[in-house]
Structures are given as structure tokens and as C-alpha cells.
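Before any comments, here is the structure.
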Amino acid sequence: MAETPRTLRLSLKTRFLLAAHSFGIRAASRSDHTVNRSVLNIFDPKAAASAKPINGVSSFDDTIDPTRNLWFRLYAPTSTTTTDALPVIIFFHGGGFAFMAANSKSFDVLCRLLAREINAVVISINYRLAPEYKYPCQYEDGFDALKYIDGMAFENFPAKLDLGRCFIAGDSAGGNVAHHVVLKACEHTFSNIKIKGLVAMQPFFGGEERTESEIKLVGVPLISVEGTDWMWKAFLPDGSDRNHSVVNVFGPNAVDISGVKFPATLLFVGGFDPLQDWQKRYHEGLKKSGKEVNLVEYPNAFHGFYCLPESPEFSLLIGEVKSFVQKQSSLT
């Protein structure tokens, strides 16, 4: 259960950025559960790929399927001193299944920092968005992206990749996508990819019940019950409720994963995130299913803190992910 929160202290700059983002999401979210993309684009600045290194990382885009706008941006550290092949982190961005993109500026900054600080190649997937494309499109795109990457040659590339040390990661809704893509991947035989771990950064799960954290944490940055209800409605098939198995993954309609060879999971939870109780239930569900999972809690973190590198928890998260990647990479 959620503890009574302390006062969240944020700088004036951070409060302004969060307020602007929240305003943009609300302004673009129509009452009929559609999105005004023109309005959204005003509040979702994009960053271009750059073969010329920026802060020690180069990037380029590759198209998987233009008919689905399915593509990825690959980030490669250029300041690395090793000649060894680097681990690969395949990343799914957040945004409630309906907002943001792989080239959103905030995610471009995040993935660039992950690549540089962890010394890994990061591949950020751009998948289709709800409500234009509802469940299961996002999961299908994610899994198809894995199969595409598995078959790539990566010739004439500035860094060597080791797909045998592959990690699936995602934040918020991207954390939900990452979980379900891993489940699909566990049933598939890849030629080169070997998934060594899952990194779930405040993953977006839910249910019909109102949890203590959802009830108590009102007025915190970015997340509200009204907003998450809207997102689930936009994402799920008509007639579905929030106890759908992809929302409440260990709820009344859950799929038994005890027999699935699921990888080790690193799970991040924030004390000012209304979704924290669902994330903790995810942690308990994985443990009860016999899976290895490491829960990392930051009592003063709000939802999406990792998109603001100046947040005090950001460097802590980077350190945890780096240690996890190193540990899991060393296992045979």
C-alpha cells in the first residue's frame, strides 16, 4: 500500500516544463477519446537524428515498415574506449499508448544518455499510437521490430553490437509494451537476439479497482486517474474494461506465466507516482510466478522523472541500469 507522501519539491523550471507538458496532453485529448495531433505537436518538440556525435553519441534512423510508420532510432556511443561488442538496449517510449514518439526530444535526450553512460547501443522503437491504432498494434509493432533487428547485418557500423546481450526496456506505457513484447519473444526462436533482462521504468498497469496511491496522490505531476482512464479507453478494444489481461496483468483475467522462461526484471517505482501500487503488484506477481525481479523505489520521484536529467534520482537510475546490464551480461 502507498505511504502518506511527503511534499514534492521541484525547481521552478521543472514545474514549468511539467505543467506545459500536462497542458499539451489535456488540450490534445478530446472527450470522444481521440487525439488532436496538431495541438499535440506544439507541445511535443522533436529531435533529428545526428550522425555527428552529440555529447559522445551518434544516432540514425532506420525504417522497418513505412505503411505502419514503424521505425527506430539507433544510438551508438562514440567516446567508448573498448573495441568489444556492446550490449543492446531496445527501448519503448512512454506516452499512454497515444502520445509521444521515438524522436520526441525528451526521449531522444534520455536514450542518448543511456547509450553514453551505460556504454551500450540503444535502439528506440517508434510504434503506432492509439486511438487510431488500438491494442494489440503496439505489441505487434514491438515484436516485429525485434524480428527485424534480429535479421540486420549492421555492416559498416560505428560500434559493434552484441545481440546476445540484448535488454528490453520501456517507460510508463512503453514499460507495458516491453513486458508484453518480452512475453511474445519468449515463445520465439531468434537467430541472434538473446534477451538477458527487462528494464521496466514506472510501467503503466492498472485495473478497475482504485488503489490507495491513485486515491491519495492527487495533483502530482503528469498522472491523474482521469487521465489514465482516458488512455486505457483510447487503447483498449471497444467493450473492454481495465481488468483486461494486458492492463491488470496479474488480475482476475491474468495469463499464467509461471511456465514462461521470462528474463530477470529491473523495476523502478516512484513515491509520487499514482501508479505505484499497480507496479508493486506487478513486482509481487512476477515473484509469485517464480521470476527474478529487483524492485528499486525512489520515495521522492514523480512519474516520468527520468525524462528530466536534472532530477536527483536520474543518476541513481542510470547507475542501477548500468549495474543490471553488467550483471546480466556476465551470466551465461
Side-chain angles (χ1 to χ4, degrees), residues 1-8 10 15 17-36 40 43 93-100 129-131 134-135 138 170-177 179 200-254 267-285 297-307:
M1 304 295 283
E3 297 179 356
T4 302
R6 292 167 287 181
T7 301
L8 180 60
L10 301 172
R15 289 185 181 277
L17 291 172
L18 294 173
H21 180 81
S22 296
F23 176 81
I25 295 295
R26 290 194 302 270
S29 304
R30 300 188 179 108
S31 59
D32 63 353
H33 300 94
T34 60
V35 176
N36 187 327
L40 181 64
F43 297 91
H93 69 82
F97 303 103
F99 309 103
M100 313 297 283
L129 299 175
K134 290 177 175 283
Y135 160 85
Q138 293 74 14
D171 81 288
S172 193
N176 179 297
V177 173
H179 169 83
M201 299 158 59
Q202 298 179 300
F204 187 21
F205 298 117
E208 285 295 305
E209 176 192 349
R210 295 301 188 205
T211 65
E212 184 179 346
S213 61
E214 288 175 311
I215 294 169
K216 286 188 173 182
L217 291 170
V218 177
V220 295
L222 299 181
I223 293 291
S224 69
V225 168
E226 295 76 19
T228 55
D229 283 357
W230 186 99
M231 292 169 185
W232 289 126
K233 189 75 173 179
F235 170 69
L236 290 170
D238 294 339
S240 300
D241 66 20
R242 295 188 304 276
N243 279 335
H244 192 289
S245 62
V246 299
V247 182
N248 195 349
V249 290
F250 291 108
N253 302 309
L267 172 63
F268 292 96
V269 174
F272 282 91
D273 183 356
L275 299 175
Q276 65 181 277
D277 286 345
W278 292 113
Q279 294 155 3
K280 291 175 183 178
R281 291 186 188 185
Y282 177 63
H283 171 248
E284 290 301 318
E297 295 187 67
Y298 298 133
N300 296 317
F302 55 88
H303 192 84
F305 71 91
Y306 37 78
C307 286

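The shown structure was predicted, so the numbers you read here are calculated from the model rather than taken from an experiment.
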**Complete:** Taken in chain and number order and not counting sequence neighbours, the residues that satisfy ring-ring contact (aromatic ring centres under 6.0 Å, His included) with Y306 are none
**Prompt:** Excluding sequence neighbours, so at least two apart, what forms side chain to side chain contact (heavy atoms under 4.5 Å, CB included) with M100?
**Reply:** H21, D44, H93, S104, S106, F107
**Results of side-chain hydrogen bond (donor to acceptor under 3.5 Å, both in side chains) for H303 - residues two or more places apart only** = S172, D273
**For E209, all residues meeting side-chain hydrogen bond (donor to acceptor under 3.5 Å, both in side chains), sequence neighbours excluded** = R281
**Prompt:** Mind checking what makes ring-ring contact (aromatic ring centres under 6.0 Å, His included) contact with W232, not counting sequence neighbours?
**Reply:** F97, F204
**Item:** Residues that L18 engages under side chain to side chain contact (heavy atoms under 4.5 Å, CB included), provided they are two or more places apart
**Value:** L10, T14, P221, L222, F302, L308
**Message:** Which residues pass the side-chain hydrogen bond (donor to acceptor under 3.5 Å, both in side chains) test with D241, not counting sequence neighbours?
**Reply:** none
**Request:** Look only at the side chain of E214 and the backbone of P274, and say whether a donor-acceptor pair between them is shorter than 3.5 Å.
**Result:** no
**Asked** Does anything in residues 18-35 pair up under salt bridge (Lys or Arg N to Asp or Glu O under 4.0 Å), and if so which pairs, sequence neighbours excluded?
**Response** none
**Asked** Can you list every pair that meets salt bridge (Lys or Arg N to Asp or Glu O under 4.0 Å) and has a residue in residues 220-240, with sequence neighbours left out?
**Response** R210-D229, D229-R242
**With T228 via side-chain hydrogen bond (donor to acceptor under 3.5 Å, both in side chains) - residues at least two apart** = none
**Asked** Taking only residues two or more places apart in sequence or in another chain, which ones pass side chain to side chain contact (heavy atoms under 4.5 Å, CB included) with E297?
**Response** V269, K280, L295
**Item:** Pair listing, side-chain hydrogen bond (donor to acceptor under 3.5 Å, both in side chains) test, anchored in residues 243-253, at least two apart
**Value:** N243-N248
**Request:** Enter the distance from Y282:OH to H179:NE2 here, rounded to the nearest 0.5 Å.
**Result:** 4.5 Å
